[in-house]
Colleague: 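Sending over a structure as structure tokens; questions will come in a sec.
Heavy-atom basis, side chains included; hydrogens, waters and symmetry copies ignored. Ligands are counted one by one from 1 in listed order, and the atoms in each one are counted from 1 as well. The model shown is predicted, which means the values in this text are computed figures rather than measured ones.
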Amino acid sequence: MPKVAFYTLGCKVNQYESDAMAELFKERGYEVVDFENRADVYVINTCDVTNESARKSRQMIRKASRINPQARVAVVGCYAQLKADEISRIKGVDVVIGTKDRRRIVDLVEDAVKKHQQIVRVDDIMSERTFEEIAFKGLRQKTRAFLKIQEGCNMFCSYCIIPYARGPVRSRPLESVIKEAKELASEGFKEIVLTGIHLGFYGHDFGEKNNLLLEAVRRISDIEGIERIRLSSIEALELTDEFVDGLTVLKKFCHHFHIPLQSGCDSVLERMNRRYTTAQFSERIEYIRIKMPDVSITTDVIVGFPGETREEFDITFDFIQQTGFSRLHVFPFSPREGTPAANMPNPVKKSVKEERSRRLIDLSQKMEKNFRQKFLGKTAEVLFEEKTDINTYEGLTGNYMKVVASSGENLHNKLVMVILKDNTSDHLIGEMID
Ligand code: SF4
């Protein structure tokens, strides 16, 4: 039986797509093995969001050729889309596919073998208008299944390469989304995480605004066996009153939003070409908190954007502290060739970016612990995912707090009521309620 191995860089969407491609190889009789093992085909699903992810992508391409010099190497994803020439010149690369045509990956790899020639399949993604469906039954590593419903982005934030790598907004037809959600339910998944590159624009290319995303959440919540629905990430202004009100009444909807802030300073937001002010962002957060008092709000922040002064950073720091997120993902700015921000004046020194990152990471840890503290002594329903030690399981509450609990019975993929007893620096300790 031929063997295929995957290495995936970047976001959850890439992970979803790698799992989908693995499924295609399995259907054609391949065994999927770990990347460190000797395989006949290596697939590197690349990312180009930062310099580091591009460097790592190249490193893994070379590593695949070292593990088995006779193997076929296929390079796919955002970096392949943007730098097809550069990648095709790397020794040992047999197939290059961008962010389209991944459903044909097995054919393309086998063609490259038969014809003894390199195949480069990278088209103009900016003119793409339909969502590429890759037959797939979900991300299987955990009890949560990621379900991709949307592709592309039209926002062109000044630092972001994604609109060039993924093309314009394309939505997956609702019936196809529901079909996959039902399959996931029948496989035993209890939680579905709706994901996409710009999820809040789901349905906009069909002429529908937030209505279709709300409709998707509603329809999935009607599926028997699905107990939870979560959104992966959504922009502040897409959380309209109507949308939030519609989600609030759905019992299965998880009270957790990941809302990228990027900067808490209006002048930096403007240079980033983000389409909101901090006042608008705060107004949305306040509305959500009124509707869902237990909500967890996590966010992304970029530090050291070109020209970010000490004063601008302090404004961001204060805004984040006042808003009180339950977790921050902090990214030091990394210029991407081809984006406006890459040529902006006054780059921030690496040491300054590191210092600002550290300050925000420290703040994040404090905010996370403070958020969890509010729930001590209360009960919560936890979906347990992993066994972390003998008789110890780890899972998540609907509002995305990590809970660890002890049990003699297997809690994997079970929804269990616990009382929250203690708050460590990383998680809550729960005790099962009979
Ligand atoms: S909204 Fe901005 S940051 Fe997000 S994918 Fe689109 S361009 Fe990139």
Colleague: Would you call Lys148 and Glu180 a salt bridge, using N to O less than 4.0 angstrom?
Modeller: no
Colleague: Around atom 3 (S) of ligand 1, find the nearest protein heavy atom and jot down its residue, atom name and distance.
Modeller: Tyr159 OH, 3.3 Å
Colleague: Is any NZ, NE, NH1 or NH2 atom of the basic residue among Arg102 and Glu132 found under 4.0 Å from an Asp or Glu carboxylate oxygen of the other?
Modeller: yes
Colleague: Assess whether a salt bridge exists between Lys190 and Glu227, defined as any Lys/Arg side-chain N lying under 4.0 Å from an Asp/Glu carboxylate O.
Modeller: no
Colleague: Looking only at protein heavy atoms, which one is nearest to atom 4 (Fe) of ligand 1, and what is the separation?
Modeller: Glu235 OE2, 4.2 Å
Colleague: Taking the six-membered ring for Trp, are the ring centroids of Phe156 and Tyr164 within less than 6.0 Å of each other?
Modeller: yes
Colleague: May I ask you to decide if Glu238's main-chain N or O and Arg284's side chain share a donor-acceptor pair within less than 3.5 Å?
Modeller: no
Colleague: Using a heavy-atom cut-off of under 4.0 Å, does the side chain or the backbone of Gln262 touch ligand 1, or both, or neither?
Modeller: neither
Colleague: Would you say that more than 12 heavy atoms from the other residues, nucleotides or ligands in this model lie under 6.0 Å from the NZ of Lys374, or not?
Modeller: yes
Colleague: May I ask whether Arg166 places a heavy atom under 4.0 Å from ligand 1?
Modeller: no
Colleague: For atom 6 (Fe) of ligand 1, state how many protein N, O or S atoms fall inside a distance shorter than 2.8 Å.
Modeller: 1
Colleague: Carefully, step by step, assess Tyr79 and Arg58 under the rule side chain to side chain donor-acceptor pair (under 3.5 Å).
Modeller: CA-CA 10 Å; Tyr79 183 36; Arg58 290 191 298 272; 2.8 Å; yes
Colleague: As an exercise, identify every atom of ligand 1 less than 4.0 angstrom from a heavy atom of Arg274.
Modeller: 1 (S), 2 (Fe), 3 (S)
Colleague: Heavy-atom count around Glu86 CD within 6.0 Å, excluding the residue itself: above 12?
Modeller: yes
